[in-house]
K.L.:
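Handing you a structure now.
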Amino acid sequence: MPLKRFKQLLFILCLLSVFFSFGQERQKITVKYSGNTSTSPDIKEGALVFLRDKSKQVHFIHKGADLFCDKAIYYEDQDYIEAFGNVAMKQGDSINMVAKYIDYSGKAQMAMARGDVVLTEPQSTLKTDTLYFDRIKQQAYYNTRGTVVRDTSGTITSQIGRYYINASKYQFIQDVILVNSDYTLNTERLDFFTENGFAYLFGPSTIVGETSKIYCERGFYDTNSDIGHFQRNAKIDYDNRTVEGDSLYFDRNKNFASATNNITVTDTLNKSLVKGHYAEVWRAKDSMYITKRALAITVQEQDSIYIHADTLMVTGKPENRITRAYYNARLYKSDMAGKADSIHVNHKEGLTQLINLSRYNSSDAFAMKRKPVLWNIGNQMTGDTIHLISNPKTEQLDSLKVFENAFLINKDTLSEEGYNQIKGLRLTGLFRNNELYNVDIVKNAETIRYLRNDEGELIGIQKSKSGSINVKIIDQAIDEVRFINQIDGNIFPESDFPKSGRRLRDFDWRGEEQPLSVEDLFKDDPPLDLPIIQGLADYVPPEAFVDDNVTERVEEAGKATPKKENKAARNLPKKTIVKPLESTTKESDSTATKPLKQIIKKEGQ
């Protein structure tokens with residue numbers, strides 16, 4: 001009985017041995033068609049030579065791949081083939097590779113194509129001089145410069161490239177250029193997905209179109225919809241305007257860009273700079289919206305003008321540009337400062353309007369505080385609306401107008417509680433060398449003035465009423481007052497002038513609110529809470545094309561013929577040394593964490 005079972009087991013083992021031998025034999029390269037098959041004394045190792053005939057090319061098959069050529073040399077003991085002349089290798093219905101020459105190891109399943117190589121898949125076409133194809137990992141690799149054409153995205157060239165068939169992904173390295181009809185993209189590393197047209201940029205990168213130029217060191221671009229996200233020193237140039245920020249969004253079709261965190265928008269044509277932490281820019285409309293500590297800087301040779309508000313809007317073409325600052329707007333230059341609910345600037349006309357928003361009326365407890373206020377070298381002017389007119393060419397202040405409830409206050413420098421005051425319905429002021437030298441108050445004019453002699457001694461306090469008043473100002477002090485259509489007036493010794501009468505009705509000295517520097521524009525702002533930007537993932541270098549897995553397969557392919565050259569190893573690509581990406585990312589210069597001294601220095605202040 002034991003002997004019978006042993007014979008049965010031996011019989012089964014023999015069957016299995018034959019089965020596996022037959023299975024392994026079927027895994028070798030198979031000749032499906034040959035016009036002529038022969039041996040040649042010129043070819044060692046007993047290789048077979050296959051030639052095509054007039055009707056068909058030589059045809060081989062191996063594990064789902066078909067190889068066609070005019071001539072082939074097949075080394076059966078190593079299951080290795082060399083194919084010449086109009087060579088085509090097809091894998092399924094999706095991958096087709098043609099070349100002048102291809103060698104292929106059936107054991108290692110590695111192919112090398114050379115000479116006018118073209119690899120075609122459903123979404124793209126790759127052209128190069130030499131291409132390596134690993135059928136196990138389903139990857140194709142070149143290091144002899146290649147070109148990939150995708151109809152909807154354009155043409156991509158690079159020095160080194162790899163195609164991951166299963167992921168429909170290209171990985172381009174070194175001198176990468178994507179060109180289409182709308183723009184040219186340059187980068188050092190590019191991951192590109194052929195099915196959806198998604199492109200991921202790594203290292204210093206530019207996208208240059210007819211109307212824009214983008215720079216970043218990390219970026220994503222959808223080549224189908226022309227939408228992108230950019231980070232790491234990112235900026236977008238629109239004609240004469242540059243947008244910079246921690247994170248940028250770009251829509252080419254809408255001519256739209258937005259930026260988040262540490263934003264700077266520079267207008268070189270109008271010599272202006274806008275900063276904040278969120279911005280939207282519409283190129284076609286030539287307009288911009290910016291908020292979160294928004295700051296607009298109009299750069300002038302002598303003295304730049306700074307405007308800060310919750311929100312800034314810049315609209316219109318350069319020749320007709322309007323800047324609007326609203327919600328707690330503030331203005332600063334070295335010789336002037338102002339506050340209002342809203343500030344509107346017409347750059348063409350040189351008109352700056354400080355406006356009290358209509359929602360604040362006389363019954364509002366904060367209405368007086370909300371009134372626009374303007375300070376100029378010791379003079380405080382308030383009213384319902386203030387217009388400041390300047391000469392756009394000379395950058396010099398020309399005049400100002402205060403509409404309704406005009407009030408001019410000048411602190412008497414030699415007394416603690418003394419204030420020179422003039423009020424009326426409207427005020428018109430004239431400037432010379434940016435200093436106020438003439439003021440006219442019209443309708444229901446009133447004044448309180450501290451009169452002093454040349455030694456600065458107080459002569460008396462003048463209180464008057466008249467139809468209108470003309471004031472001359474010299475060296476920041478009231479020098480002469482003329483009363484027109486005077487109703488009454490008198491000069492009182494200080495001892496006879498009651499303290500209760502030393503303030504005109506609606507007197508409101510707001511000197512503590514006056515910004516004395518650019519930093520002061522932000523002193524009343526609430527704490528800034530910026531969103532955390534997740535950011536695009538850092539570049540992950542690809543594993544070596546010839547890794548341990550490939551090396552093991554190649555070595556295994558040569559074990560059956562140890563005394564012969566391992567042909568599977570002879571045409572592997574050499575390792576290419578690629579310079580690592582160098583990060584040039586700078587620490588963010590945020591108005592939330594730093595004073596604006598760097599901006600002032602940059603603008604020559």
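Note that this is a predicted model, so its numbers are computed, not measured. Hydrogens, waters and symmetry mates are skipped; everything else that's a heavy atom, side chains included, is used.
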K.L.:
Please report, to 0.1 Å, the donor-acceptor pairs under 3.5 Å made by any side chain of residues 91-98, with sequence neighbours excluded.
P.N.:
from, atom 1, to, atom 2, distance (Å)
Gln91, OE1, Arg135, NE, 3.2
Gln91, OE1, Gln138, NE2, 3.1
Gln91, NE2, Gln138, OE1, 2.4

K.L.:
Could you check whether Lys567 makes a cation-pi contact with Tyr75, meaning its NZ or CZ is under 6.0 Å from the centre of the six-membered ring and within 45° of the ring axis?
P.N.:
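Ring-cation test returns yes.
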K.L.:
Verify salt bridge (charged side-chain N to carboxylate O under 4.0 Å, His left out) between Asp286 and Arg321, making sure each step is shown before the conclusion.
P.N.:
CA-CA 9 Å; Asp286 217 332; Arg321 184 145 293 167; 2.8 Å; yes
K.L.:
Holding to salt bridge (charged side-chain N to carboxylate O under 4.0 Å, His left out), I want the full list of residues that pass it with Lys559, two or more places apart in sequence or in another chain.
P.N.:
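Per chain and number, Lys559 pairs via salt bridge (charged side-chain N to carboxylate O under 4.0 Å, His left out) with Glu556.
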K.L.:
Do side-chain atoms of Gln123 reach the backbone of Ser168 as a donor and acceptor pair under 3.5 angstrom?
P.N.:
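Checking the backbone N and O of Ser168 against the side chain of Gln123, no donor-acceptor pair under 3.5 Å is found.
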K.L.:
For ring pair (Phe, Tyr, Trp, His ring centres under 6.0 Å), just list the numbers for Phe84 and Tyr101, CA-CA rounded to whole Å, side-chain angles, deciding distance to a tenth of an Å, and then say yes or no.
P.N.:
CA-CA 5 Å; Phe84 305 85; Tyr101 170 83; 5.1 Å; yes
K.L.:
Evaluate the salt bridge (charged side-chain N to carboxylate O under 4.0 Å, His left out) criterion for residues Asp525 and Arg293: first the C-alpha distance (whole Å), next the side-chain angles of each, then the deciding distance (0.1 Å), finally the verdict.
P.N.:
CA-CA 8 Å; Asp525 284 3; Arg293 297 241 173 137; 3.7 Å; yes
K.L.:
If the condition is ring pair (Phe, Tyr, Trp, His ring centres under 6.0 Å), which residues does Tyr278 pass it with, not counting sequence neighbours?
P.N.:
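Not a single residue meets the ring pair (Phe, Tyr, Trp, His ring centres under 6.0 Å) criterion with Tyr278.
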K.L.:
With a 3.5 Å distance limit and no angle check, can you tell me whether Glu121 reaches the backbone of Ser124 through a side-chain donor-acceptor pair?
P.N.:
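Yes; judged by distance alone, with no hydrogens or angles, the pair exists.
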K.L.:
Going by salt bridge (Lys or Arg N to Asp or Glu O under 4.0 Å), name the pairs with one or both residues in residues 527-548, residues two or more places apart or in two chains.
P.N.:
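Those involving residues 527-548 are Lys137-Asp547, Arg162-Glu543, Arg218-Asp538, Arg232-Asp538.
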K.L.:
Arg114 vs Asp103, test: salt bridge (charged side-chain N to carboxylate O under 4.0 Å, His left out). Steps then yes/no.
P.N.:
CA-CA 9 Å; Arg114 185 173 58 239; Asp103 62 34; 5.7 Å; no
K.L.:
Name all residues meeting the salt bridge (charged side-chain N to carboxylate O under 4.0 Å, His left out) criterion together with Lys564; count only those two or more places apart in sequence or in a different chain, and write none if there are none.
P.N.:
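Checked Lys564 against salt bridge (charged side-chain N to carboxylate O under 4.0 Å, His left out); matches are Asp77.
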K.L.:
Can you name the residues that form a side chain to side chain contact (heavy atoms under 4.5 Å, CB included) with Ala167, not counting sequence neighbours?
P.N.:
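For Ala167, the residues satisfying side chain to side chain contact (heavy atoms under 4.5 Å, CB included) (neighbours in sequence not counted) are Tyr164, Lys169.
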K.L.:
Apply salt bridge (charged side-chain N to carboxylate O under 4.0 Å, His left out) to the pair Asp70 and Arg52, showing each step before the final yes or no.
P.N.:
CA-CA 5 Å; Asp70 294 341; Arg52 66 165 298 164; 3.3 Å; yes
K.L.:
Crowded around Lys32 NZ? As in, over 12 foreign heavy atoms under 6.0 Å?
P.N.:
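Atom NZ in Lys32 is not crowded, with 12 or fewer foreign heavy atoms closer than 6.0 Å.
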K.L.:
Could you walk me through whether Tyr104 and His62 pass the ring pair (Phe, Tyr, Trp, His ring centres under 6.0 Å) test, one step at a time?
P.N.:
CA-CA 10 Å; Tyr104 176 67; His62 184 249; 5.6 Å; yes
K.L.:
Can you find a side-chain donor-acceptor pair between Tyr74 and Asp79 that sits under 3.5 Å?
P.N.:
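The criterion, which ignores hydrogens and geometry beyond distance, is satisfied for Asp79 and Tyr74.
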K.L.:
Counting distance only, does the side-chain N/O of Lys107 pair as donor-acceptor with the main-chain N or O of Lys28 below 3.5 Å?
P.N.:
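No, Lys107 side chain to Lys28 backbone: no donor-acceptor pair under 3.5 Å.
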K.L.:
ring-ring contact (aromatic ring centres under 6.0 Å, His included) with Tyr221: which of Phe192, Tyr183, Tyr249?
P.N.:
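The ring-ring contact (aromatic ring centres under 6.0 Å, His included) with Tyr221 is passed solely by Tyr183 among Phe192, Tyr183, Tyr249.
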